[in-house]
Peer 1: 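Take a look at this one; I'll ask things after.
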Amino acid sequence: MRLQVQEMQRAISEGRKQQEAKCNKKLLELHSLQGMVDELQAENRQLARELQAHVKSKCELEQALKSRNEIIHEFNELLDSNLEEHAQFLAMKQEVTDVKWQLQQVQTEASEFAKLQAPVMLWARTIFRRRQISSSRGFTEFEVDCENLDSTRVKTRSQRHFQLRQYCKMWRSAAKYFLNNKIFRNGMQKLLTAQNTPIHPVQNVLYQSRRLHSQTTFKFNFPASAIQKVETSDKHRWFVVHWEDGNHSVYPYAWLRDNCQCPQCFLSSAKARKFAIKDLDVNISPEKIILTDSKISVAWPDQHISEFDANWLRTRCFHQSTREEKQNQYFMRDQLHWGSEFQIPTANFEEVLTCDEVAYKWLCNLRRVGFVQLKHAPRRKGQVAKLGKRIGYVRLTFYGHTWQVEDKPDANNVAYTSGELKLHTDYPALHHPPGIQFLHCIKQTDVGGETIMVDGFHVANQLRQLNPEAFRVLSSVLVDFTDTGKDYCDFSLQSKNKIIDLDHNGNVVRINYNNATRDSVLDLPAEQVHPFLSALKDFVLLMYKPENLVTFKMEPGDVLTFDNWRILHGRLSYHSDGGYERHLEGAYADWDEVMSRARCLKHALHGDK
Ligand code: OGA
Ligand code: NM2
Ligand code: ZN
Ligand code: ZN
């Protein structure tokens, strides 16, 4: 029993030990759990703090987002109004371009007026000079500011009818001169107002009665140049000639010697220089000069004597304006560019052949606007040849002296089919394309075949304004043209021409463009091909704008005469079978010959004036 108790006690103490051990283990576990709880609680606190911070920044971000949205809204509104402004700006830019264009035209007109103003002023001054001389005899006293038309005032005292009549005539003829030339009407209006200011009633009546009975056109006569005095300037090696009208001109010594008009130096029958340049002492100075009213005699160191007529000298004055005037006259530079509003000038074919006045007007118009239509020519071949004879001679090309535009089998040129011909100039495959073209309609088809025409100079100047880069490309890139075949004889032409030719002042002087004969060989680096084609396309699209284009249909008996360096022409396709037929005869001439005829006609009609 005791043993049993002992055993049980031992078992109990054993159990207790085990329980204690278990308890201790649990306590340890509890302890570590407590540590984890503490950690988690700490983490929780940290997270709570972070959450708080995030909530705060979320609020801030929401605030920022809101204000950004407001800004975007404001920007959108601003953008809208900017777009509107941009559109207005574009419209304004267009307006500025238009105004610039108008300004350019006004400037051209004004410069034309200024050119004419100079000779009128010259004359006015001469006349007033004479009147002032009269004033010393107590007839009349004038106070004139001829430099400025606006402030021209004339004071008269003890008026004499004679002087007043002269005075009226002067202003009237000056004004009429401008009127006849249809230039700068405002300027002429001023002249007309000025001339009315001091007119004596008697003179007014006198003039009116003259005008009522006079049918002829008033002609403007320049006074003969009178020399007042001559000075020498050895520093410049030139003469200074002072004219009666207050102007002066300089003439270099060497130029005078070079242009001696004596029979030894000049063949007057040929109006040609005999004097050789090797015999010219370029440093020559005169030994003696003698001045008479209308000429200057110069004795040179070798005793050679040269005589120079005052008028001859005056027209050779080296002043910029005199030279410009002379060059404009020589080369008939006064041009008028046109668009679709253009009224084609016409003349009667027979009258052009027989009447000098009509022929002169024909050629002047041909030069000025580039295009004249002749009416009522006989409806058979041989008429364009007559026009060639009227000028002098036609320009022979590989297509013959004259050529027939018809729908031909195996055509050697696209023109000799019934297809459409896009706007072109003829023969850019030549380095010197024909300057003038005649096209005589002998038969016209009922369906199609209408003519289109455009002023190439007008369009090229538009391109210069609207697309300067395209203009630069077309006026600098040399394009290959080709034409091979057989007609007058066999031919194989190659040329290099710029689509737009400029002179040394940058003025457009020739268009060379026929898309049919533009060679597929293009002598350009590959990267320049696209810019070239795109420039050409822009130019052609501009030509075809309705405001630039003239369209009409030729009738049998019509002869188109036009400037082939300036006008681009074309035709619509036409029916040429089933009883339809179309036949034009054409010929070419050149500007040298045409202007030569114009100068001769002018001389025959008006003399030296
Ligand atoms: C031409 C030409 C026009 C026409 O032959 O070069 O442009 O109306 N012809 O056929
Ligand atoms: N034609 C009409 O450039 C040209 O080929 C112009 C000339 C055949 C004399 C055409
Ligand atoms: Zn001589
Ligand atoms: Zn043609």
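Only heavy atoms go into these numbers, but all of them, side chains included; no hydrogens, no water, no symmetry mates. Counting begins at 1 with the first residue of the sequence. This structure is a prediction, so every number in the text was calculated from the model and none was measured.
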Peer 1: Does a side-chain heavy-atom distance below 4.5 Å link M595 with M332?
Peer 2: yes

Peer 1: Test your reading of the model: is there a side-chain donor-acceptor pair from T517 to the backbone of D483, 3.5 Å cut-off?
Peer 2: no

Peer 1: Less than 4.5 Å apart, any side-chain heavy atom of R314 and any of N247?
Peer 2: yes

Peer 1: Just verifying a value: how many Å separate L366 CG and F562 CZ, rounded to the nearest 0.5 Å?
Peer 2: 10.0 Å

Peer 1: Between the side chains of R518 and N515, does any donor sit under 3.5 Å from an acceptor?
Peer 2: yes

Peer 1: To the nearest 0.5 Å, what is the distance between OG1 on T482 and CG on L493?
Peer 2: 8.0 Å

Peer 1: Using a 3.5 Å distance criterion without hydrogens, assess whether the side chain of Y580 forms a donor-acceptor pair with backbone atoms of Y574.
Peer 2: no

Peer 1: Is M543 close to L549 at the side-chain level, that is, under 4.5 Å between some pair of heavy atoms?
Peer 2: no

Peer 1: I'd like to know if the side chain of H424 reaches the main chain of H569, judged simply by a donor and an acceptor atom lying under 3.5 Å from each other, with no hydrogens or angles considered.
Peer 2: yes

Peer 1: Apply side chain to side chain contact (heavy atoms under 4.5 Å, CB included) to the pair R380 and I442, showing each step before the final yes or no.
Peer 2: CA-CA 6 Å; R380 55 188 129 80; I442 295 169; 5.5 Å; no

Peer 1: How about W403 and Y399: are their ring centres within less than 6.0 Å of each other?
Peer 2: no

Peer 1: For residues 530-539, which residue pairs pass the side-chain hydrogen bond (donor to acceptor under 3.5 Å, both in side chains) check, not counting sequence neighbours?
Peer 2: N467-D538

Peer 1: Looking at T561 and F438, would you say the former's side chain and the latter's main chain have a donor-acceptor pair under 3.5 Å?
Peer 2: no

Peer 1: Going by atom types only, do D558 and Q444 share a side-chain donor-acceptor pair under 3.5 Å?
Peer 2: no

Peer 1: Counting C-beta onward and ignoring hydrogens, is there a side-chain heavy-atom pair between W362 and L601 closer than 4.5 Å?
Peer 2: no

Peer 1: May I have the list of side-chain donor-acceptor pairs in residues 72-80 shorter than 3.5 Å, sequence neighbours left out?
Peer 2:
unit_1: H73; atom_1: NE2; unit_2: E77; atom_2: OE2; d: 3.3

Peer 1: Count the heavy atoms belonging to other residues, nucleotides or ligands that lie under 6.0 Å from CZ of F552, then report whether that count exceeds 12.
Peer 2: yes

Peer 1: For F89, is the CZ atom crowded, meaning more than 12 foreign heavy atoms sit under 6.0 Å from it?
Peer 2: no

Peer 1: Please check this pair: side chain of N514 against backbone of D426, looking for a donor-acceptor N/O pair closer than 3.5 Å.
Peer 2: no

Peer 1: Determine the minimum heavy-atom distance between Y416 and Q404, stating which atoms define it.
Peer 2: CE2-O, 3.2 Å

Peer 1: So, taking the atom named CG in L605 and the one named NE2 in H603, what distance separates them when rounded to the nearest 0.5 Å?
Peer 2: 11.0 Å

Peer 1: Kindly give the heavy-atom pair with the smallest separation between T484 and S492, and that separation in Å.
Peer 2: CG2-OG, 3.4 Å

Peer 1: Does the side chain to side chain contact (heavy atoms under 4.5 Å, CB included) test come out yes or no for R367 and R566, once each step is laid out?
Peer 2: CA-CA 10 Å; R367 183 72 184 162; R566 169 174 169 187; over 6 Å; no

Peer 1: Treating K498 as the side-chain partner and R510 as the backbone partner, does any N or O pair qualify as donor plus acceptor under 3.5 Å?
Peer 2: no

Peer 1: Indicate whether the side chain of E450 and that of T551 have a donor and an acceptor atom separated by less than 3.5 Å.
Peer 2: no

Peer 1: Flag yes if more than 12 heavy atoms outside N505 fall under 6.0 Å of its CG atom; otherwise flag no.
Peer 2: yes

Peer 1: Can you tell whether the side chains of E555 and K553 come within less than 4.0 Å, N to carboxylate O?
Peer 2: no

Peer 1: A quick test of your reading: do over 12 heavy atoms of other residues, nucleotides or ligands sit less than 6.0 Å from NZ of K408?
Peer 2: yes

Peer 1: So does H86 have more than 12 non-hydrogen atoms from other groups sitting under 6.0 Å from NE2?
Peer 2: no

Peer 1: Indicate yes or no: at least one non-hydrogen side-chain atom of L421 is less than 4.5 angstrom from one of V414.
Peer 2: yes

Peer 1: For the side chain of W565 and the backbone of P433, is there at least one donor-acceptor N/O pair under 3.5 Å apart?
Peer 2: yes

Peer 1: Looking at every non-hydrogen atom in both residues, tell me the closest pair between S576 and S418 and how far apart they are.
Peer 2: OG-CB, 3.9 Å

Peer 1: Is the closest side-chain heavy-atom distance between I499 and N512 below 4.5 Å?
Peer 2: no

Peer 1: Any chance you could lay out the side chain to side chain contact (heavy atoms under 4.5 Å, CB included) test for I511 and I500, step after step, and finish with the verdict?
Peer 2: CA-CA 5 Å; I511 308 292; I500 300 175; 4.3 Å; yes

Peer 1: Any chance you could measure R571, atom CZ, to R582, atom CZ, to the nearest 0.5 Å?
Peer 2: 5.5 Å

Peer 1: Assess whether atom OH of Y544 is packed by more than 12 heavy atoms of other residues, nucleotides or ligands within 6.0 Å.
Peer 2: yes

Peer 1: Taking the side chain from Q437 and the backbone from A587, do they hold a donor-acceptor pair closer than 3.5 Å?
Peer 2: no

Peer 1: Which residue, D519, D501, D480, forms the salt bridge (Lys or Arg N to Asp or Glu O under 4.0 Å) with K496?
Peer 2: D480

Peer 1: Report the distance from atom CD of Q383 to atom NE2 of H440, rounding to the nearest 0.5 Å.
Peer 2: 5.5 Å

Peer 1: If you measure from CG on L542 to CG on L463, what distance do you get to the nearest 0.5 Å?
Peer 2: 6.0 Å

Peer 1: As a quick check of understanding, evaluate side chain to side chain contact (heavy atoms under 4.5 Å, CB included) for V540 and K422, giving each step before the final call.
Peer 2: CA-CA 10 Å; V540 173; K422 291 286 184 188; over 6 Å; no

Peer 1: Which atoms form the tightest heavy-atom contact between W338 and N548, and what is the distance?
Peer 2: CZ3-O, 4.4 Å

Peer 1: What are the two closest non-hydrogen atoms of A589 and V594, and how far apart are they?
Peer 2: CB-CG2, 4.2 Å

Peer 1: Looking at F349, I'd like to know if the NZ or CZ of K386 sits under 6.0 Å from its six-membered ring centre while staying within 45 degrees of the ring's axis.
Peer 2: no

Peer 1: Would you call the rings of F371 and F342 parallel, tilted or perpendicular if under 30° counts as parallel and over 60° as perpendicular?
Peer 2: tilted

Peer 1: Between L430 and R395, which heavy-atom pair has the shortest distance, and what is it?
Peer 2: CD1-NH2, 3.7 Å

Peer 1: R390 side chain to L353 main-chain N or O, any donor-acceptor pair under 3.5 Å?
Peer 2: yes

Peer 1: Could you check whether any side-chain heavy atom of H376 comes within less than 4.5 Å of a side-chain heavy atom of N348, counting everything from C-beta outward?
Peer 2: yes

Peer 1: For E593, does the CD atom sit with more than 12 other heavy atoms under 6.0 Å from it, leaving out its own atoms?
Peer 2: yes

Peer 1: Can a donor-acceptor pair be found, under 3.5 Å and without considering hydrogens, that links the side chain of R368 to the backbone of L363?
Peer 2: no

Peer 1: Tell me, do Q462 and E547 make a side-chain contact under 4.5 Å, heavy atoms counted?
Peer 2: no

